[in-house]
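Structure first, commentary second.
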Amino acid sequence: MREYNYSQIEKKWQDFWEANQTFKTIEDSQKEKFYILVEFPYPSGKGLHLGHQRPYTAMDILARKRRMQGYNVLFPFGYDAFGLPAENYSIKNKIHPAIVTAENVKKFTEQCKAVGFSFDWSREVNTTDPDYYKWTQWIFLQLFKKGLAYKKEMAVNWCTDCKVVLANEEVVDGTCERCSSEVVRKVKSQWMLKITEYAQRLLDELEEVDYPERVKASQINWIGRSTGAQVDFKTNAGDILQVYTTRPDTLFGATYMVIAPEHPFIDEWMEKWDKVMNIDEIMEYRAMAAKKSDFERTEIIKEKTGVMIEGIYAVNPVNNRVTPIFISDYVMMGYGTGAIMAVPAHDTRDWEFAKTFNLPILEVVHGGDVEKEAFTDCETGIMINSDFLNALPVEEAKVKITEWLAENKVGEPKINYKLRDWVFSRQRYWGEPIPIVECDKCGFVAVPESELPLKLPEVESYMPTDTGESPLASLDDFINTTCPDCGSPAKRETDTMPQWAGSSWYFLRYCDPHNPDELASKEKLDYWMEVDWYNGGMEHTTLHLLYSRFWHKFLYDIGVVSAKEPYKKRTSHGNILGEDGQKMAKSRGNVINPEDVMRDFGADGLRLYEMFVGDFEKAAQWSTNGIKGCKRFLERSWNLQEILNDSDNPELRPIFHKTIKKVSSDIETLKFNTAISALMTLINEVYTSGSITPAEFKTFLILLNPFAPHITEEMYELAEFDGLLNEQLWVEYDEALCKDDEIEIAVQINGKVRAKAVIPTGSDNAVMIDIAKAALGSALDDKTIVKEIAVPDKLVNIVVR
RNA sequence: GCCGCUGUGGUGGAAUGGCAGACACAAAGGAUUUAAAAUCCUUCGCUCGUUAGAGUGUACCGGUUCAAGUCCGGUCAGCGGUACCA
């Protein structure tokens with residue numbers, strides 16, 4: 001018999017699949033469709049790594065199984081190729097990022113094919129392809145036309161090393177997500193997308209989708225909805241200072257107010273009101289707060305600082321009490337109204353501030369000791385010192401005071417979200433140009449759709465500038481244009497889009513990847529969408545997943561797509577860690593190179609081990625010893641050919657049916673590790689029995705095929721079965737045939753196993769108990785039986801006294 | 001602080017409330033071999049016992065149950081996310 005020469009076999013079948021376009025998908029209304037999506041990678045120079053292969057293998061297994069189950073499967077792939085690493089590489093090596101990207105894409109594609117992924121390569125997309133980003137720009141223009149894209153002067157997160165504005169989501173602990181350099185605040189004019197307009201729908205419509213609870217929870221958390229009230233405080237400067245609070249019930253306990261250092265009232269008060277006594281002190285504090293980076297604001301011990309604005313005071317609308325106003329950086333301009341009423345008795349931060357500045361702490365909810373700490377419990381507290389709210393529980397007081405505020409026109413119920421608008425500008429070269437022209441007369445004007453794609457021009461230097469302008473800003477030919485509306489000279493926007501743009505809609509392009517007239521035809525979108533199953537990393541839960549849901553909802557609103565949600569089901573994989581249990585990183589020297597692994601164990605060996613290593617949804621530690629076991633299993637599978645003959649072994653029937661059942665259901669629940677162990681158990685039993693029939697052999701090959709497609713296809717061919725293995729139908733099991741004729745049960749006395757007994761499968765409880773008692777023999781002689789419990793085909797428990 | 005997740009042999013990990021440790025790795029012993037690799041067989045939670053067996057055991061404390069790794073209450077430890085969000 002031939003030896004198991006995996007490299008030869010794998011090459012043979014990969015070439016065959018490529019030549020025959022085995023996995024090319026076409027629309028087919030006769031078949032039920034199933035759209036499986038993996039997160040397309042950023043094609044980095046390092047190539048495909050184990051962290052890509054694990055989720056891709058999992059979804060490849062699902063795709064192969066679905067095809068055998070008769071579905072029309074869409075399983076596409078592509079590249080999210082805009083982004084900083086390619087640009088940084090270009091800066092260093094003076095090569096155009098498009099060239100670097102093309103090389104990397106070629107490498108990635110070869111590597112994917114070498115693992116045997118059954119992607120439909122005819123649908124490959126690349127976000128840097130002008131035919132693709134034409135539509136990314138088109139979607140941006142639709143957002144602009146609907147008023148959902150706007151430009152705004154704002155304090156942004158500026159990475160001091162990348163010299164680029166970062167989204168809030170890209171700032172990690174006050175440092176840049178990519179380079180870990182310090183991030184500071186800088187005021188710049190930025191394109192923004194109004195994702196906040198969709199906050200409620202992004203929240204509500206989570207109920208319509210099948211996502212893991214942890215994913216839903218972090219989206220809910222990120223959106224951060226809170227309900228409360230907006231309250232108007234009159235000031236002696238004539239303005240009305242609006243505050244947002246989730247605890248309107250504590251309004252009587254407000255003993256001072258705080259506004260953010262960036263609050264616009266400060267400037268107004270300085271200008272038109274000459275009674276502010278400590279202008280210098282306030283300005284100094286403000287300058288200091290502005291200088292603080294995000295890092296300092298979050299990392300420095302949260303000691304409360306601030307300055308009282310002397311000469312200005314506010315009046316509490318419920319009792320007309322005069323209330324001092326402070327400026328402090330513990331209040332953020334970006335949330336609520338940038339001003340708060342401080343209730344030190346019932347808010348921890350206010351309590352600390354009041355202690356530091358020796359301000360009165362007035363208890364209005366009874367239940368704690370407000371001299372020791374803030375009492376924040378909403379469930380047990382009872383209102384006191386609050387006039388018409390006295391004696392009410394907190395929740396009732398909230399309702400009553402909110403009504404009172406509305407009646408007296410000094411406030412209203414208010415919902416707030418932590419989610420902020422999406423900072424959409426990047427001062428970088430390697431991204432989609434934002435298709436907007438700025439005209440002195442007309443303002444911001446959309447580039448006509450007929451001029452899309454607005455291509456990235458060639459530049460000499462990709463280097464971002466210290467002024468914070470994109471490299472495009474130095475190209476006069478690019479910048480200078482005419483206004484599409486009035487024809488006068490105008491300037492192009494030089495910022496580009498963030499990497500999240502292209503990935504916010506790629507799953508739509510896969511449905512119709514070469515369409516020159518639309519992002520995809522309605523007909524094809526209606527056939528393929530929604531995505532039936534989308535697997536990706538937890539790290540994309542609050543960024544990519546939220547952004548793409550936002551864009552999809554917008555496209556739904558303008559009639560491009562027919563479903564509200566893009567993804568019916570989402571699952572998340574755990575990462576592959578190094579052998580030391582740490583994240584794989586060059587600096588730790590624990591990186592496993594998949595090409596080495598495939599050379600030593602084959603693609604099938606690698607696929608199998610990545611699925612066997614542990615719970616798919618949890619992080620797993622790589623083990624070179626572990627993969628040996630999988631290779632051994634494949635060799636034992638190969639050697640089944642030696643014991644293939646016609647002699648029937650009926651005793652194997654139950655285990656075959658059980659295995660079909662287990663493998664089928666385990667793939668659906670992502671329990672690949674136990675599916676493989678079931679196959680291992682099966683093969684062990686087959687060897688014990690000494691032979692396998694052709695029908696059983698074929699069943700085994702079908703079950704193993706999604707996991708190890710090359711070796712099984714080869715064995716199928718060698719066994720001279722008809723056609724190709726990947727064209728066979730998935731195997732079915734018969735529940736009745738899963739059971740052995742006889743089964744061993746445990747016999748317990750008071751829950752402890754005292755004997756074993758063999759019973760015919762499916763025996764009545766009474767029969768089981770009789771057999772069990774017989775098996776116990778004399779052990780029951782001097783005992784009083786209190787209760788007899790039988791669990792069918794499992795055990796008997798006799799309770800005695 | 002808040003949200004989420006996880007604590008099971010030497011290791012990775014299995015167990016719809018029903019015999020804890022499936023499957024695999026490592027280790028030890030044996031067979032085969034001139035030898036090694038590969039392969040095959042045996043042992044393998046801990047304690048006592050030569051064996052039979054007995055006791056004990058799923059982070060810790062308590063509860064529910066005939067029966068708890070699993071359910072409930074509390075505690076501890078670790079991991080991930082997030083935060084002066086009013």
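Labels below follow one simple rule: chain letters A, B, ... track the order of the sequence lines, proteins then strands, and each chain is numbered from 1.
- Judged purely by atom type and a 3.5 angstrom limit, A:Asp347 has no side-chain atom pairing as donor or acceptor with the backbone of A:Ala342.
- Summarising the geometry, the separation between CD1 on A:Ile789 and P on B:U65 is reported as 13 Å, rounded to the nearest angstrom.
- Side-chain polar atoms of A:Asn575 and A:Arg54 form no donor-acceptor pair below 3.5 angstrom.
- No contact: A:Ser218 has no heavy atom under 4.0 Å from any strand.
- A sub-4.0 Å separation between OP1 or OP2 of B:C23 and a side-chain N or O of A:Asn673 is absent.
- In this structure, A:Leu608 and A:Leu704 have side chains that are in contact, with non-hydrogen atoms separated by less than 4.5 Å.
- One finds no side-chain N or O of A:Arg754 lying less than 4.0 angstrom from the OP1 or OP2 phosphate oxygen of B:C19.
- At a cut-off of 3.5 angstrom, counting only N and O atoms as typed in the model, there is a donor on one side and an acceptor on the other between the side-chain of A:Lys304 and the base of B:C84.
- Looking at A:Ile789 and A:Ile798, their side chains never come closer than 4.5 Å, going by heavy atoms from C-beta outward.
- OP1 or OP2 of B:U82 has not a single side-chain nitrogen or oxygen of A:Asn221 nearer than 4.0 Å.
- Applying the 3.5 Å distance criterion, the base of B:C25 shares no donor-acceptor pair with the side chain of A:Asn625.
- Using N1 to N3 plus N6-O4 or O6-N4 for Watson-Crick, or N1-O2 and O6-N3 for G-U wobble, each under 3.5 Å, B:A67 pairs with nothing.
- Contacts of A:Val613 with the nucleic acid, taken as non-hydrogen atoms under 4.0 Å apart, involve only primed sugar atoms and P, OP1 or OP2.
- Taking side-chain N and O atoms only, A:Lys628 has no distance below 4.0 Å to OP1 or OP2 of B:C25.
- Among the atoms of the strands shown, base atoms are found under 4.0 Å from some heavy atom of A:Phe612.
- A:Tyr609 has its OH atom 9 Å from the C1' atom of B:C25, to the nearest Å.
- Within the 4.0 angstrom heavy-atom criterion, base atoms lie near A:Glu744.
- No contact: A:Asn750 has no heavy atom under 4.0 Å from any strand.
- In this structure, the CD atom of A:Gln748 is 14 Å from the P atom of B:C66, given to the nearest Å.
- Applying the Watson-Crick and G-U wobble criteria (two distances, each under 3.5 Å), B:C84 pairs with nothing in any strand.
- In terms of phosphate contacts, A:Arg632 brings a side-chain nitrogen or oxygen within less than 4.0 Å of OP1 or OP2 of B:C25.
- B:C23 is paired with B:G12 under the Watson-Crick or G-U wobble criterion, all donor-acceptor distances under 3.5 Å.
- Side-chain contact check for A:Tyr211 and A:Thr571: no donor-acceptor pair (N or O, by modelled atom type) lies under 3.5 Å.
- Taking 4.0 angstrom as the limit, A:Tyr244 places none of its side-chain polar atoms (N or O) nearer than this to OP1 or OP2 of B:A86.
- Side-chain N/O atoms of A:Lys756 and base N/O atoms of B:C19 include a donor-acceptor pair closer than 3.5 Å.
- Side-chain nitrogen and oxygen atoms of A:Asn684 include at least one within less than 4.0 Å of the OP1 or OP2 phosphate oxygen of B:A24.
- Checked against the 6.0 Å centroid criterion, the rings of A:Phe612 and A:Phe672 do not qualify as a close aromatic pair.
- B:G9 takes the syn form, because its glycosidic angle lies no more than 90° either side of 0.
- Look at B:G78: its Watson-Crick or wobble partner, with both distances under 3.5 angstrom, is B:C5.
- As judged by a 4.0 angstrom heavy-atom cut-off over every strand, A:Thr348 is placed among residues making no nucleic acid contact.
- Each of B:C84, B:U82, B:A86 was ranked by its minimum atom distance to the side chain of A:Trp222; first place goes to B:U82.
- Within the 3.5 Å criterion, the main-chain N or O of A:Arg754 finds no donor-acceptor partner in the side chain of A:Gln748.
- Considering only side-chain N and O atoms, A:Thr246 lies nowhere under 4.0 angstrom from the phosphate OP1 or OP2 of B:C85.
- At a threshold of 4.0 angstrom between heavy atoms, the contacts of A:Thr245 are confined to the sugar-phosphate backbone, with no base atom among them.
- Here A:Lys752 reaches the OP1 or OP2 of B:U56: one of its side-chain N or O atoms lies under 4.0 Å away.
- Contact annotation: A:Arg349 reaches the phosphate of B:C85 (side-chain N/O to OP1 or OP2, under 4.0 Å).
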